[in-house]
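For reference, the structure is listed below as C-alpha cells.
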Amino acid sequence: MTKLHFDYYMRIDYSEEVATCNYTIKCIPMQNLRQIPTDIKIELSPPSKYCLGKDGLKNNQIYGRNELPHKMFYYHITGNAEVGLCSYDEVENSDISMVFKHPHGLNKAGNKITEYFNKLQLKDIDSDYDKAVYVMNRFYEDYDYQPLTTDLNTTAEEAFAQGHGVCQDFAHIFIAIMHLANIPARYVTGLIVGEGQSHAWVEILVDGKWYGLDPTNNKKVLNEHIKLGVGRDARDCMINRGIMHGGGLHTQTVKVNVEEI
C-alpha cells in the first residue's frame, strides 16, 4: 500500500466574455478495493454552487452552473489516495460490465490492428490475464510514445497505422486488441506519479475482477496510479466538459502533480 498526494489544476482563458457556463468535472478519485481517497479539497473560480454525484458508470463528478460573466475559469482539486490496497477492483454491476465486451467509438479495430492481433498467436496462452500481459509486453515494444501527433478524436486504427501516439492511443489500441481476444476491457482516466498531466490505462475483466494494465509504461497498475474514471473510450470519462454562452477562442492550461507521502 502507498499513500499518494495529488494536485490537479486546470485553467481556461477566453478571448471573449462567457455569460453563463454549465460544467462537469470528473477529477475526484473513485473509492474501491484498490484505492481510498481522503482529504479532497475543491476550489473553483469564479466561485459557483456545485453538486457532487456520479454518472451512469459510477464515476465521481462535480457539476454546476456559473452565471457570473467571466473570461477565465479554473478549478483546483487536491487530496490524498491510499493505493495498492488490492491488485484488482471489484465488478460494480455485471450488466454494465458487459458493455465493455464490445468495440465502441474510438477503440474499434480495423484491418491493421486485426492483422497485428492475428500475428500474436494468443491461442498458445491459457489464461486471459496472461494473454493480456503478453500483449502489453509485445505492444510496448512495437509501438512508440510520441506526444502531439494525435488528438482527442484519433481512433485506435488511425493511431496504430501511424505507429506512434500518446497514452490515450495506447489505451484505445490495447482495448481493441483485447476485444479481438474476447476479453472485456475498459478505458481508465487517472493520474500517475511523475507524469505532470492526466494519464490513461486499461482494465481487463478476468474471473469477475478488473485488473489494471498500463500499456504506455508496460506495467501492472499497483502503487503508482490514482483512478479517476472509467468508460468505453476516452470520451466517456473526459475530466472536464462544458456548455457555455460566449467565450470565443480559448486556451487551456493543466498542471498535475502526484507524489508519494
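You'll find the side chain of R241 reaches within 4.5 Å of the side chain of R235, heavy atoms only. Side-chain contact between D128 and D207: absent, with no pair of heavy atoms (C-beta onward) separated by less than 4.5 Å. At least one side-chain heavy atom of R34 sits under 4.5 Å from a side-chain heavy atom of V221. Put simply, the side chain of M1 does not reach to within 4.5 Å of the side chain of N223, judged on heavy atoms. Between I12 and M72, the closest side-chain pair of non-hydrogen atoms is not below 4.5 Å. Using a 4.5 Å cut-off on side-chain heavy atoms (C-beta onward), I261 and K3 make contact. Within the 4.5 Å cutoff, the side chain of I204 has heavy atoms near those of the L213 side chain. The shortest side-chain heavy-atom distance between V254 and V256 falls under the 4.5 Å cut-off.
Within the structure, side chain to side chain donor-acceptor pair (under 3.5 Å) pairs that include any residue of residues 251-261 do not occur (at least two apart or interchain). Screening residues 58-70 for side chain to side chain donor-acceptor pair (under 3.5 Å) gives N22-R65, K54-N60, D55-N59, R65-E67 as the qualifying pairs, with residues at least two apart or on separate chains. Residue pairs meeting the salt bridge (charged side-chain N to carboxylate O under 4.0 Å, His left out) criterion with at least one member in residues 242-251: none, sequence neighbours excluded. The ring pair (Phe, Tyr, Trp, His ring centres under 6.0 Å) contacts involving residues 145-165 comprise Y116-F160, where partners must be two or more places apart or lie in separate chains. Residue pairs meeting the salt bridge (charged side-chain N to carboxylate O under 4.0 Å, His left out) criterion with at least one member in residues 69-89, sequence neighbours excluded: D89-K227. Contacts classified as side chain to side chain donor-acceptor pair (under 3.5 Å) and involving residues 10-20 (residues at least two apart or in different chains) are given here: R11-D13. Residue pairs meeting the ring pair (Phe, Tyr, Trp, His ring centres under 6.0 Å) criterion with at least one partner in residues 223-261, sequence neighbours excluded, are W201-H225.
Nearest heavy atom pair, residue V18 against residue M244, reads CG1-CB, 3.9 Å. The shortest non-hydrogen separation linking L122 to F117 is CD1-CE1, 3.7 Å. Residue N153 comes nearest to L106 through the heavy atom pair O-CD2, 3.6 Å, listed as atom of the first residue, atom of the second, then distance. Looking at every heavy atom in both residues, L68 comes nearest to P47 through CD1-O, 4.0 Å.
Judged by distance alone, the side chains of H76 and D7 do bring a donor and an acceptor atom under 3.5 Å apart.
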Which atom pairs, donor and acceptor, lie under 3.5 Å between side-chain atoms of residues 36-46 and protein residues at least two apart or in another chain?
| unit_1 | atom_1 | unit_2 | atom_2 | d |
| --- | --- | --- | --- | --- |
| D39 | OD2 | N80 | ND2 | 3.0 |
| E43 | OE2 | Y74 | OH | 2.7 |

Ignoring hydrogens and angles, write down the donor-acceptor pairs under 3.5 Å from the side chains of residues 167-192, residues two or more places apart or on other chains.
| unit_1 | atom_1 | unit_2 | atom_2 | d |
| --- | --- | --- | --- | --- |
| Q168 | NE2 | D151 | O | 3.3 |
| D169 | OD2 | T150 | OG1 | 2.6 |
| D169 | OD2 | V166 | N | 2.8 |
| H172 | ND1 | Q168 | O | 3.4 |
| H172 | NE2 | A234 | N | 3.1 |
| H179 | NE2 | F100 | O | 2.9 |
| R186 | NE | E203 | OE1 | 2.8 |
| R186 | NH2 | E203 | OE1 | 2.8 |
| T189 | OG1 | C237 | O | 3.4 |

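For the ring pair (Phe, Tyr, Trp, His ring centres under 6.0 Å) test, residues two or more places apart in sequence or in another chain that qualify with Y211 are Y88, Y129. Contacts of E141 classified as side-chain contact (heavy atoms from CB on, under 4.5 Å), with partners at least two apart in sequence or in another chain: none. Applying the side-chain contact (heavy atoms from CB on, under 4.5 Å) test to V91 and every residue at least two apart in sequence or in another chain returns S97, L205, W210.
Taken together through direct or relayed side-chain contacts under 4.5 Å among Ile, Leu, Val, Met, Phe, Trp and Tyr, L120 and V133 form part of one hydrophobic cluster. Note on I113: it clusters hydrophobically with Y134, by side-chain heavy-atom contacts below 4.5 Å among ILVMFWY residues. Both F6 and V83 are members of a single hydrophobic cluster when ILVMFWY side chains are connected at heavy-atom separations under 4.5 Å. Under a hydrophobic-cluster definition in which Ile, Leu, Val, Met, Phe, Trp and Tyr are linked whenever side-chain heavy atoms come within less than 4.5 Å, directly or via other members, V202 and L57 are assigned to different clusters.
Remark: K131 NZ to I125 CD1 distance equals 7.5 Å, nearest 0.5 Å. Here the OG-CD1 distance, from S198 to I239, works out to 4.0 Å after rounding to the nearest 0.5 Å. Put simply, SG on C27 and OH on Y9 are 13.5 Å apart, with the number rounded to the nearest 0.5 Å. Note: L85 CG to L33 CG = 9.0 Å, rounded to the nearest 0.5 Å. Residue M30 holds its CE atom at 9.0 Å from CG of L228, rounded to the nearest 0.5 Å. Note that the OH atom of Y143 and the CG atom of N218 stand 15.5 Å from one another [nearest 0.5 Å].
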Inset, instruction - Determine, step by step, whether D214 and H199 satisfy the side chain to side chain donor-acceptor pair (under 3.5 Å) criterion, reporting the C-alpha distance in whole Å, the side-chain angles of both residues, the deciding distance to 0.1 Å, and the verdict. - result: CA-CA 9 Å; D214 183 350; H199 189 53; 3.0 Å; yes
Legend entry - ring-ring contact (aromatic ring centres under 6.0 Å, His included) between Y23 and F73, intermediate numbers included: CA-CA 10 Å; Y23 57 84; F73 171 75; 5.4 Å; yes
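Here the side chain of D142 pairs no donor or acceptor atom with the backbone of F139 at under 3.5 angstrom. For R232 (side chain) and G105 (main-chain N/O), no donor-acceptor pair under 3.5 Å exists by modelled atom type. Between the side chain of E157 and the main chain of K112, a donor-acceptor pair closer than 3.5 Å is present. A donor-acceptor pair is defined here as one N or O able to donate and one able to accept, closer than 3.5 Å; no such pair exists between the side chain of Q162 and the backbone of A159.
The local environment of CG in N118 is crowded, with over 12 non-hydrogen atoms from other residues, nucleotides or ligands closer than 6.0 Å. Around atom CG of D124, more than 12 heavy atoms belonging to other residues, nucleotides or ligands sit under 6.0 Å away.
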